[in-house]
Number of protein chains: 2
Amino acid sequence: MLSKSCIYGIQAAIYVAANASQEFVPISQIASELKISFHFLTKVLQQLTQARLMNSYRGPKGGVALAKPSTEVTLYDLIGAIDGTAIFTECMLGLPGCGIAEPCPAHEHWTKVRSELTVIARRLTLDSMAKKAGELNVRLTEEFRYAQTMFPAIRPLNGNH
Amino acid sequence: MLSKSCIYGIQAAIYVAANASQEFVPISQIASELKISFHFLTKVLQQLTQARLMNSYRGPKGGVALAKPSTEVTLYDLIGAIDGTAIFTECMLGLPGCGIAEPCPAHEHWTKVRSELTVIARRLTLDSMAKKAGELNVRLTEEFRYAQTMFPAIRPLNGNH
DNA sequence: CCTATTTTAGACAAAAGAGTCTGAAATCTG
DNA sequence: CAGATTTCAGACTCTTTTGTCTAAAATAGG
């Protein structure tokens, strides 16, 4: 469905949005919290900065930050910047000419799913995902559980897990 | 979205369903009509026979055939046999624990798309796809067009294109 | 029985994706 | 200015996917 690069990029973006208090978040911090290879994440986040979704800053106190308010960055933007928009536009069977004029045998059904996917991806903002991640961590912490497999990024930083 | 293997397998299955008059359809015929590498398609179709979706027969007059009526083979079956069912079950962000108890930040939205995808894949039969492909070719033929990029498999075999 | 045809099995190569590492450039702190 | 920190750029390796090829087993037909 989504490439690993894309998944890492989305997770990192959520992390950055959830840590909006920090001006620039070091990639090393994101990588260690999310348990992603630092160098690999670096390359993924470069794609997001080149797509103008993030700003970066070198040196001490450097890192990455959202280029826009988290309410204005959607899942669609992130996927488009890393995996491209093919998933939102292409034929399920990969047939180049598939469209209304020359539909493939699965065309009408797949377009229905695809358009819903597009709507949802366009509506889902980093802001709302970061808030969901926050709620999740509060609940997990209250239940004395540790979101190891879930979303280690967003766990509270008070350290009492 | 779907792997190339999976796309080839689906196209080939539609082709076989559309050529139900032939008892066994040689893979070489499918490959040349669909313009897929013969040896590669061979391996893909072996997956479908091992999954009991197709029968195969060696030697002259051999080939592959559907193991069940085309009304009883769904897109879900084909995808499941080649790419596996992960796409119908897995979290969008690939998080292992994601579920109702521990949803990831995009959980509820993705499950909505995913369940619609599952419903459609389970309902869409080879029979209906083969019929759609047939209608398409009639129309294309009437318009003196040649479904080269579209679905070369299903074009009529009368040869007057 | 012999030959042609076809699937089966598996080795091999090419391409893309994922992950690792090194060095250079920028920037802060003292 | 010196040293530490951090992104940037690119080379490199490993794995998976995709694609190609060869030989063996099964089967039909003469």
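Below, chain A is the first sequence line, B the second, and so on; all start at residue 1.
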Closest-nucleotide ordering on DNA chain C, the 5'-leading residue of A/His39 and A/Lys4: A/Lys4
Which residue lies more 5' along DNA chain C, comparing A/Ser37 with B/Lys61 via nearest heavy atoms: B/Lys61
Segment of DNA chain C, first to last nucleotide, that comes within the 4.0 Å heavy-atom reach of chain A: C/dA18 to C/dT29
Side chain B/Asp77, main chain B/Thr74, donor-acceptor under 3.5 Å: yes
B/Glu90 backbone acceptor or donor facing B/Trp110 side chain under 3.5 Å: yes
Set of residues satisfying side-chain contact (heavy atoms from CB on, under 4.5 Å) with respect to A/Ser5, sequence neighbours excluded: A/Ser3, A/Phe40, A/Val44, A/Ile82
Along DNA chain D, first and last positions that approach a heavy atom of chain B under 4.0 Å: D/dT18 to D/dG29
Inter- and intrachain pairs under salt bridge (charged side-chain N to carboxylate O under 4.0 Å, His left out), touching residues 120-130 of chain A, at least two apart: A/Asp127-A/Lys131
A/Ser115 side chain to A/Thr111 backbone, donor-acceptor under 3.5 Å: yes
Ion pair A/Glu108/B/Lys132, N-O distance below 4.0 Å: yes
Partner set under ring pair (Phe, Tyr, Trp, His ring centres under 6.0 Å) for B/Phe38, not counting sequence neighbours: none
Side chains of residues 48-57 of chain B: which donor-acceptor pairs under 3.5 Å do they make with residues two or more places apart or in other chains?
{"unit_1": "B/Thr49", "atom_1": "OG1", "unit_2": "B/Gln46", "atom_2": "O", "d": "2.8"}

